[in-house]
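Below: the structure, in C-alpha cells.
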Amino acid sequence: MLGAFRASNVNFSGLLWKTPWKLSVTRKANVRARLKKVDAVIEAVRASGVQCKSLDKALELPKEHEMPAQDKYTVFTPHARGYRKGIHKVPKWTRLTLRTNPKGF
C-alpha cells in the first residue's frame, strides 16, 4: 500500500525491536567481563597516585566478585512487581554504573 497508510515494519508485524525477558548465558558472561575491566581501570588509576572526587566515589563501589548475582544482572525499579528488572531493560545499560541499589532491595 502506498500513501499515508502504507505498511511499515512496526505496523505490519508488531514490535520492531524485541528484547528477551532474561539475559542469556553469553550476555551474563559479557556483563561480568565488563565489570572486571572497570575494576581493573579503577585499580590502575588508584595505583597511579591520582586523587580526585570521582575516584573516591568509584572506590566505594563494590567490586565484581563482591556483588551478588542479583545486583549484577538486575536493577531496582519501583514499577515492577518484585521491585527488580533485568539490567538489559535499562537504556544504555552498558555505559552506566548500576552497581548499587537502595537498601533493602
Side-chain angles (χ1 to χ4, degrees):
M1 256 176 116
L2 299 174
F5 301 106
R6 71 173 177 259
S8 67
N9 284 338
V10 174
N11 293 336
F12 188 64
S13 64
L15 290 174
L16 185 57
W17 305 114
K18 300 189 181 193
T19 307
W21 69 277
K22 69 177 189 173
L23 284 172
S24 67
V25 175
T26 308
R27 282 187 171 198
K28 284 185 178 182
N30 290 342
V31 169
R32 288 191 303 273
R34 192 178 299 113
L35 289 171
K36 288 176 186 175
K37 287 179 184 177
V38 170
D39 290 341
V41 169
I42 291 171
E43 187 59 32
V45 172
R46 187 193 64 76
S48 70
V50 175
Q51 293 182 356
C52 59
K53 190 174 183 179
S54 60
L55 179 61
D56 295 337
K57 286 175 64 176
L59 289 172
E60 293 174 2
L61 295 172
K63 297 195 181 314
E64 186 269 337
H65 61 85
E66 298 170 349
M67 296 173 66
Q70 182 182 24
D71 287 345
K72 288 182 196 175
Y73 311 125
T74 62
V75 292
F76 171 80
T77 178
H79 308 294
R81 184 182 304 160
Y83 297 106
R84 287 282 182 163
K85 71 176 178 181
I87 196 169
H88 63 296
K89 303 277 187 178
V90 178
K92 296 184 173 53
W93 65 279
T94 57
R95 302 177 198 169
L96 300 174
T97 302
L98 302 169
R99 295 186 186 218
T100 57
N101 293 292
K103 292 193 174 165
F105 294 100

Donor-acceptor pairs under 3.5 Å, side chain of residues 57-68 to any protein atom, not counting sequence neighbours: which ones?
unit_1, atom_1, unit_2, atom_2, d
E64, OE2, K72, NZ, 2.8
E66, OE1, K63, N, 3.0

| said: Tell me every residue that passes ring-ring contact (aromatic ring centres under 6.0 Å, His included) with F76, counting only those two or more places apart in sequence or in another chain. | reply: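 Listed in chain order: F105.
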(request) Any pair with a residue in residues 42-54 that passes salt bridge (charged side-chain N to carboxylate O under 4.0 Å, His left out), sequence neighbours left out, goes on the list, sorted by first then second residue, please. (result)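 Listed once each, the pairs are E43-R46.
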With sequence neighbours excluded, tell me which residues meet side-chain hydrogen bond (donor to acceptor under 3.5 Å, both in side chains) with [X].
X   : value
Q70 : none
R32 : Y73
N30 : none

Just to verify, what does [X] make a side chain to side chain contact (heavy atoms under 4.5 Å, CB included) with, not counting sequence neighbours?
X   : answer
K89 : T19, K85
S24 : T26, R27
V38 : I42, R99

Check step by step if side-chain contact (heavy atoms from CB on, under 4.5 Å) holds for H88 and V75. CA-CA 9 Å; H88 63 296; V75 292; over 6 Å; no
Hydrophobic cluster of V25, others only, ordered by chain and residue number, side-chain cut-off 4.5 Å: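 V25 shares its hydrophobic cluster with no other residue.
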Practice task
Looking only at non-hydrogen atoms, find the nearest pair between D71 and R84 and report the distance.
Solution key: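 What the structure gives for the nearest pair is OD1-NH2, 3.0 Å.
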